[in-house]
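Here the structure is laid out as structure tokens; the discussion comes afterwards.
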Amino acid sequence: MATGMLHSHYLFVVLFTLIYLIKTILLLSDKDELLEAFKKKTKVAEMVVSFGFLATGIFLLTQMPHIPTMMYVKIVLVLASIPLAVIGYKKKHKLLATLSFVFIIAAFGLAEKVKKNKAGDKITAMSGKEIYEEKCTLCHGNDGKLGMSGAKDLSATQLEHTAIIDIITNGKNAMAAYKSSLSQEQIEAVASYIETDLKGK
Ligand code: HEC
């Protein structure tokens, strides 16, 4: 649900930015008639896109466990750009219109930055135990002994740390490789969990 919403949000943001990019270019190049025609043609589309953009944005905000400071800056930028855009395009005030466009782009850039930080948080926030429970119990079970689809008993493993890392990273037979879905740190964390909490128990 949240991922679908995130994709819709991106789509709306891209469409919104595109409409504004065209409007800004027309305004700056003094193509007044074209601008009027474009505004008329895209009036409904713009309303739908703006509404979708805000609605999906607000929904996503409500889903965030904690809102990073950067997100507040982004929201202020987006909110500030709205009156600037309304006045800018109505009065054909080039500076205000450009400023509002710059604000939108800046907000977009910040969103990307927030996303990167969030991915970083996730690595440190997720312990080896949580990763194990989410990704590995299906075949290995909570205690490592389940043995689904021929999975080895992790409580009885004789493997060295590096060999465990290698199997998680590259997979083996029925077990998939995790190098693309887990980071190096996450693989380390889950390997340590196996060695300290499952092995020999
Ligand atoms: C689709 C089922 C499946 C999932 C999910 C799975 N494994 Fe495995 N795992 C296997 C199988 C099958 C083997 C035995 C591979 C072989 O040696 O043929 C295995 C072997 C291993 C071994 C080697 C044990 C030994 O002593 O040889 C380790 C370590 C391991 N898995 C860790 C993990 C971790 C950590 C995860 C989660 C990130 C995980 N596995 C998820 C099926 C799975």
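Note that ligands are numbered from 1 as they come in the structure, with each ligand's atoms numbered from 1 the same way. Since the structure is predicted, the reported quantities are computational estimates derived from the model, not experimental observations.
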Problem - Heavy-atom donor-acceptor pair, Lys145 side chain to Lys201 backbone, under 3.5 Å - result: yes
Practice task
Locate the shortest heavy-atom distance separating Val190 from Gly128; write the atom from each residue and the value.
Solution key: CG2-O, 3.7 Å
Fill in the blank from the handout: heavy-atom search around atom 27 (O) of ligand 1 in the protein gives Leu159 CD1, 3.4 Å
Handout entry: Heavy-atom gap Leu154 to ligand 1 smaller than 4.0 Å
Key = yes
Practice task
Count the heavy atoms belonging to other residues, nucleotides or ligands that lie under 6.0 Å from CG of Leu79, then report whether that count exceeds 12.
Solution key: yes
Practice task
Would you check if Tyr132 and Leu198 make a side-chain contact, meaning some heavy-atom pair closer than 4.5 Å?
Solution key: yes
Problem - Test item: Leu54 and Phe12 side chains (from C-beta on) under 4.5 Å apart, heavy atoms - result: no
Problem - Proximal atoms of ligand 1 relative to Met175 (non-hydrogen, under 4.0 Å) - result: 6 (C), 7 (N), 8 (Fe), 9 (N), 10 (C), 11 (C), 19 (C), 20 (C), 21 (C), 30 (C), 31 (N), 32 (C), 33 (C), 34 (C), 36 (C), 39 (C), 40 (N), 42 (C), 43 (C)
Practice task
For ligand 1, indicate whether the residue Asp153 contacts it via side chain, backbone, both or neither (heavy-atom separation under 4.0 Å).
Solution key: neither
Practice task
State whether His140 contributes an N/O/S atom found under 2.8 Å from atom 8 (Fe) of ligand 1.
Solution key: yes
Exercise for the section: Taking only heavy atoms of Ala151 into account, list the atoms of ligand 1 that are under 4.0 Å away from them. Expected result: 10 (C), 11 (C), 12 (C), 13 (C), 42 (C)
Problem - Least distance between heavy atoms, Phe53 atom then Val78 atom - result: CZ-CG1, 4.1 Å
Handout entry: atom 15 (C) of ligand 1 - nearest protein heavy atom and its distance
Key = Lys172 O, 3.7 Å
Fill in the blank from the handout: Note: ligand 1 atoms sitting under 4.0 Å from heavy atoms of Ser149 are 12 (C)
Handout entry: Numbered atoms and elements of ligand 1 in range of Cys139, under 4.0 angstrom, heavy atoms
Key = 1 (C), 2 (C), 3 (C), 4 (C), 5 (C), 42 (C), 43 (C)
Problem - Geometric class of the Tyr89/Tyr20 ring pair [parallel <30°, tilted 30-60°, perpendicular >60°] - result: perpendicular
Exercise for the section: Using a cut-off of 6.0 Å, state whether more than 12 heavy atoms not belonging to Lys31 lie near its atom NZ. Expected result: no
Exercise for the section: Please confirm whether Asn173 comes within less than 3.5 Å of ligand 1 when only nitrogen or oxygen atoms on both sides are compared. Expected result: yes
Handout entry: CD1 on Ile167 to NZ on Lys152, rounded to 0.5 Å
Key = 7.0 Å
Exercise for the section: Heavy-atom contacts with Ile168 under 4.0 Å: which atoms of ligand 1 show up? List them by number with element. Expected result: 35 (C)
Completion exercise
For Gly150, the atoms of ligand 1 under 4.0 Å from one of its heavy atoms are 11 (C), 12 (C), 14 (C)
Handout entry: Close N or O approach (Tyr132, ligand 1; < 3.5 Å)
Key = no
Problem - Backbone or side-chain N or O of Thr157 under 3.5 Å from ligand 1 N or O - result: yes
Exercise for the section: Please write down residue, atom name and distance for the protein heavy atom closest to atom 34 (C) of ligand 1. Expected result: Cys136 SG, 3.4 Å
Handout entry: Check ion pair Asp30-Lys94 (N to O, under 4.0 angstrom)
Key = yes
Fill in the blank from the handout: Atoms of ligand 1 under 4.0 Å from any heavy atom of Ala174, numbered from 1 in the order shown, are 1 (C), 12 (C)
Exercise for the section: Can you pull out the closest protein heavy atom to atom 24 (C) of ligand 1? Residue, atom name and distance to 0.1 Å, please. Expected result: Lys152 CB, 3.6 Å
Practice task
For the pair Glu133 (side chain) and Glu130 (backbone), establish whether a donor and an acceptor sit closer than 3.5 Å, ignoring hydrogens and angles.
Solution key: no
Problem - Ion pair check, Glu36 and Lys39, cut-off under 4.0 Å - result: yes
Handout entry: For ligand 1, the portion of Tyr178 having any non-hydrogen atom under 4.0 Å away
Key = side chain
Exercise for the section: Any atoms of ligand 1 less than 4.0 Å from a non-hydrogen atom of Ile164? List them with their elements. Expected result: 29 (C)
